[in-house]
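Structure first, then comments.
Excluded from the calculations below are hydrogen atoms, water molecules and symmetry mates; all remaining heavy atoms, backbone and side chain alike, are included. All chains are named by letter (A, B, ...) in the order of the sequence lines, taking the proteins before the strands, and each is independently numbered beginning at 1. Everything numeric in this text was worked out from a predicted model, so none of it was measured.
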Protein chains: 2
Amino acid sequence: MTLTQLRYLVAIADSGLNITLAAERVHATQPGLSKQLKQLEDELGFQLFIRKGKSLDAVTHAGRHVLERARTILAEAANIRSIAANLRNEARGELRIATTHTQARFALPVAIGALAQSYPQVSVHLQPGRDTEVLAQLEAGRVDLAVISSAGAPPASGIALPAYRWHRVIVAPQDHPLVSDGQPPSLDELALLPLVSYESSLKADSSLRRAFDAADLRPQIAMTAGDADLIKTYVRAGLGVGVLAEMAMLESDTDLRTLPVDHLFPQCTTWIVLRRESVLREYVLEFITQFAPHLDRRDVVRALASDTPPTEWSAVPHWRERPAIPQADVA
Amino acid sequence: MTLTQLRYLVAIADSGLNITLAAERVHATQPGLSKQLKQLEDELGFQLFIRKGKSLDAVTHAGRHVLERARTILAEAANIRSIAANLRNEARGELRIATTHTQARFALPVAIGALAQSYPQVSVHLQPGRDTEVLAQLEAGRVDLAVISSAGAPPASGIALPAYRWHRVIVAPQDHPLVSDGQPPSLDELALLPLVSYESSLKADSSLRRAFDAADLRPQIAMTAGDADLIKTYVRAGLGVGVLAEMAMLESDTDLRTLPVDHLFPQCTTWIVLRRESVLREYVLEFITQFAPHLDRRDVVRALASDTPPTEWSAVPHWRERPAIPQADVA
DNA sequence: CGCGTTTACGTCGTTCGTAACGATA
DNA sequence: TATCGTTACGAACGACGTAAACGCG
């Protein structure tokens with residue numbers, strides 16, 4: 001068993017059991033991977049994949065277990081390399097972030113911009129997806145950190161650090177009756193209007209959905225879309241009133257009116273989620289403290305070391321009231 | 001970075017920074033290890049060890065972190081090999097147990113004997129030590145499981161499974177006044193007698209010590225010894241009355257009288273402690289269910305999978321009332 | 001017939017052990 | 001001078017890439 005074999009193994013698994021594709025990704029040739037896989041299977045004495053004819057069809061039951069272990073081995077090997085890179089102040093590297101569209105589009109740009117300033121040699125990769133996909137990416141070690149939101153408790157997997165809190169807002173065209181009446185809307189009013197919101201708000205465990213359920217109301221979701229830009233577009237088109245994250249409203253959206261609905265829907269928290277036991281590159285810490293300035297470097301490191309993160313964090317700021325981003329101070 | 005390099009690295013660390021000794025242990029030559037170590041350091045870009053002249057003097061700060069990671073990598077690699085060995089019903093292997101003298105001498109023999117019966121090809125290695133040493137051995141991956149006792153909560157590190165409960169007993173020569181009076185002794189009485197007990201009972205956090213402290217008594221420890229056989233010997237010699245674990249009293253100790261003192265000292269629990277995330281060989285599971293027959297195979301596996309073991313276990317038997325050891329039923 | 005895997009083969013790099021050298025107490 | 005680590009060198013092994021063969025849709 002060698003690290004190379006394990007690296008090839010997970011590459012194959014991560015490439016949908018396509019050895020050729022996996023070979024490209026690890027910058028090696030396809031026969032090389034085939035052979036190493038075969039050798040590994042020979043050494044272990046059982047098949048890691050089920051073959052259908054010549055091609056790989058599925059992962060064996062035992063193979064799944066081996067894959068799991070192999071991933072943590074590779075993650076730890078990467079950790080060792082991170083220790084080394086940090087120690088010699090290596091400025092190059094990658095920052096791989098899995099996150100949802102709203103975060104990527106409205107919350108992350110400033111912090112990523114600041115990072116690109118301090119660490120021009122670091123290349124950033126944004127991996128979009130739904131909450132569960134995002135966490136899966138993190139668990140599989142395909143990204144360095146995940147940024148996701150939840151209405152209540154932090155995600156169970158990984159180490160979650162609260163970045164900021166936020167509320168939903170209602171968005172409507174300027175001439176919409178809801179706007180002109182000047183009063184904050186009630187749940188009952190909203191339930192009568194055609195709504196435009198995220199796809200995720202249809203899920204039973206969405207906090208939007210649950211707020212309506214609790215009042216025994218059935219909102220009329222006229223349309224759902226994957227991202228806030230689409231929602232705004234269709235609100236402009238008169239399809240209905242939008243329900244979206246406050247971060248999604250920009251200065252330039254002058255043709256839309258925004259109504260706070262803090263009283264109707266629970267507050268949400270955006271979390272930075274890290275893999276347990278992971279060693280962060282210097283610039284990742286930098287990024288985290290840029291994105292969530294209330295977090296102290298030491299707190300982050302401490303949370304990573306203990307495998308149960310603190311459940312209570314002091315003073316997680318609201319989106320609108322986040323502290324000014326501290327000037328990067330890097331050699 | 002290769003698995004071999006990491007294996008050599010921890011071998012060197014575990015051999016007290018003596019490369020020659022480490023080389024013997026891994027069945028390789030000393031120049032081989034020297035070179036691999038050098039290559040690893042070159043790749044990482046920093047020294048893992050501090051040199052004094054030519055010999056290794058200490059582990060670097062960063063080296064300690066790397067060592068930690070390297071150990072989990074090797075442990076996971078061993079896990080993969082365990083999966084493989086289990087799958088092909090490999091009957092050979094090693095069972096490395098770190099434990100205290102009392103367990104090794106009085107509690108473990110039956111279960112180990114049974115194991116040797118079912119798996120004659122498995123070689124058993126007992127690694128004696130004090131509680132903290134035993135747990136360190138486990139954490140460092142030098143043993144497969146640890147068996148230790150505590151008066152209250154299970155040890156914090158690793159996954160602890162309760163094996164059985166037990167009490168201390170008082171042991172005295174047949175003609176001792178304590179015996180002839182027929183009454184169970186009180187704490188006050190004991191505090192007046194010269195006692196012979198384990199070295200560990202001197203420690204401030206020993207449950208024996210705390211029982212006396214709670215009653216504001218200062219017992220007179222006439223002698224301490226590392227193991228129960230010594231204690232019994234000196235009790236026979238008239239040095240005082242013994243305080244030891246009930247398991248240590250054998251049928252053959254007819255010249256000594258045993259007095260229960262369940263009412264004076266708290267009940268103790270003996271735990272089987274496993275490393276988190278470890279994959280057990282089939283025979284290790286077999287051993288565990290032999291030693292602690294009330295534990296179900298599935299419970300053990302489940303406790304290992306979840307990284308927080310159940311705090312409450314149903315029906316942990318007392319030493320004297322342990323269920324009959326089930327007959328091994330192995331192909 | 002294209003796509004993907006396996007087999008075959010030659011080359012190159014690496015590891016390993018032996019042996020000699022160097023430093024340290 | 002004995003012990004331990006480094007350097008040097010040659011042999012063997014192993015990994016990798018190219019090229020060709022094989023199966024499958």
Side-chain angles (χ1 to χ4, degrees), chain A residues 1-60 63 66-67 70 73-74 77 80-81 84, chain B residues 1-60 63 66-67 70 73-74 77 80-81 84:
Chain A
M1 190 185 333
T2 65
L3 283 180
T4 313
Q5 287 171 348
L6 298 180
R7 199 162 56 94
Y8 288 177
L9 172 64
V10 316
I12 292 172
D14 285 353
S15 307
L17 310 192
N18 181 329
I19 301 186
T20 309
L21 176 56
E24 285 173 21
R25 292 195 183 169
V26 299
H27 306 293
T29 62
Q30 180 272 323
L33 270 74
S34 271
K35 193 158 193 189
Q36 291 300 318
L37 174 62
K38 194 172 163 54
Q39 286 196 6
L40 181 58
E41 287 181 327
D42 284 351
E43 178 181 340
L44 296 182
F46 63 90
Q47 302 267 106
L48 291 164
F49 298 102
I50 298 167
R51 266 75 168 179
K52 183 189 245 171
K54 284 208 166 185
S55 33
L56 308 186
D57 189 47
V59 184
T60 308
V66 173
L67 263 168
I73 289 179
L74 294 177
I80 290 178
R81 277 185 265 266
Chain B
M1 189 184 334
T2 65
L3 282 181
T4 312
Q5 288 171 347
L6 298 179
R7 200 162 57 92
Y8 289 177
L9 172 64
V10 316
I12 293 172
D14 284 353
S15 307
L17 311 193
N18 181 329
I19 301 186
T20 308
L21 176 57
E24 286 173 22
R25 292 196 183 169
V26 299
H27 306 293
T29 60
Q30 179 273 322
L33 269 75
S34 272
K35 192 158 193 188
Q36 290 302 317
L37 174 61
K38 194 172 163 54
Q39 286 195 7
L40 181 58
E41 287 182 327
D42 285 352
E43 179 181 341
L44 296 181
F46 62 92
Q47 303 265 107
L48 291 164
F49 297 101
I50 298 169
R51 266 73 168 181
K52 182 189 246 170
K54 285 210 163 182
S55 32
L56 308 186
D57 188 47
V59 184
T60 310
V66 173
L67 262 167
I73 289 178
L74 295 178
I80 291 179
R81 276 184 266 266

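- Dashed line: the shortest gap from a side-chain N or O of B:N18 to OP1 or OP2 of D:dT3 is not under 4.0 Å.
- Using modelled atom types, one side-chain atom of B:E41 and one backbone atom of B:L48 make a donor-acceptor pair closer than 3.5 Å.
- The CD atom of B:Q39 lies 11.5 Å from the CG atom of B:L44; values are rounded to the nearest 0.5 Å.
- Residue B:Q39 places no side-chain N or O under 4.0 Å from the OP1 or OP2 atom of C:dT14.
- Here D:dG14 presents its C1' atom at 16 Å from CG of B:L3, a figure rounded to the nearest Å.
- Annotation: side chain of A:L40 is not in contact with side chain of A:V66 (no heavy-atom distance under 4.5 Å).
- Atom CG in A:L33 sits about 9 Å away from atom P in D:dC16, given to the nearest Å.
- Residue B:K52 is out of contact with every strand shown, counting any heavy-atom pair closer than 4.0 Å.
- Side-chain nitrogen and oxygen atoms of B:T20 include at least one within less than 4.0 Å of the OP1 or OP2 phosphate oxygen of D:dG5.
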Practice prompt. For the pair A:Y8 and A:T2, evaluate side chain to side chain contact (heavy atoms under 4.5 Å, CB included) and give the outcome as yes or no after the intermediate values.
Written response: CA-CA 10 Å; A:Y8 288 177; A:T2 65; over 6 Å; no
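- Straight-line distance from the CG atom of B:L56 to the P atom of D:dC4: 12 Å, rounded to whole Å.
- Checked by atom type and distance alone, the side chain of B:R81 never pairs as donor or acceptor with a backbone atom of A:M1 at under 3.5 Å.
- Using a 4.0 Å heavy-atom distance criterion, A:L17 is classed as a sugar-phosphate-only contact.
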Could you go through nucleotides 17-20 of chain D and list every protein N or O atom that sits under 3.5 Å from one of its N or O atoms, giving the distance for each pair?
residue : atom : partner : partner atom : Å
D:dG17  : OP2  : A:T29   : N            : 3.1
D:dG17  : OP2  : A:T29   : OG1          : 2.9

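- Atom pair B:L6:CG and C:dT15:P shows a separation of 13 Å (rounding to whole Å applied).
- Atoms CG (B:L37) and P (D:dT6) sit 7 Å apart, rounded to a whole Å.
- A:K38 has its NZ atom 14 Å from the C1' atom of C:dA8, to the nearest Å.
- Proximity of a side-chain donor or acceptor of A:Q30 to a complementary backbone N or O of A:I19 within less than 3.5 Å is not detected.
- Nucleotide D:dG5 holds its C1' atom 14 Å from the CG atom of B:L21, rounded to whole Å.
- Candidate nucleotides C:dT15, C:dT6, C:dT7 were compared by shortest atom distance to the side chain of A:I19, and C:dT6 ranks first.
- Once rounded to the nearest 0.5 Å, the distance linking CD1 of A:I73 with CG of A:L67 reads 11.0 Å.
- Taking only side-chain nitrogens and oxygens, B:S34 comes nearer than 4.0 Å to OP1 or OP2 of D:dT6.
- Across the protein-nucleic acid pair, B:K54 atom NZ and C:dA23 atom P stand 6 Å apart, rounded to whole Å.
- Mapping A:G53 and A:T2 onto DNA chain D by nearest heavy atom places A:T2 at the nucleotide closer to the 5' end.
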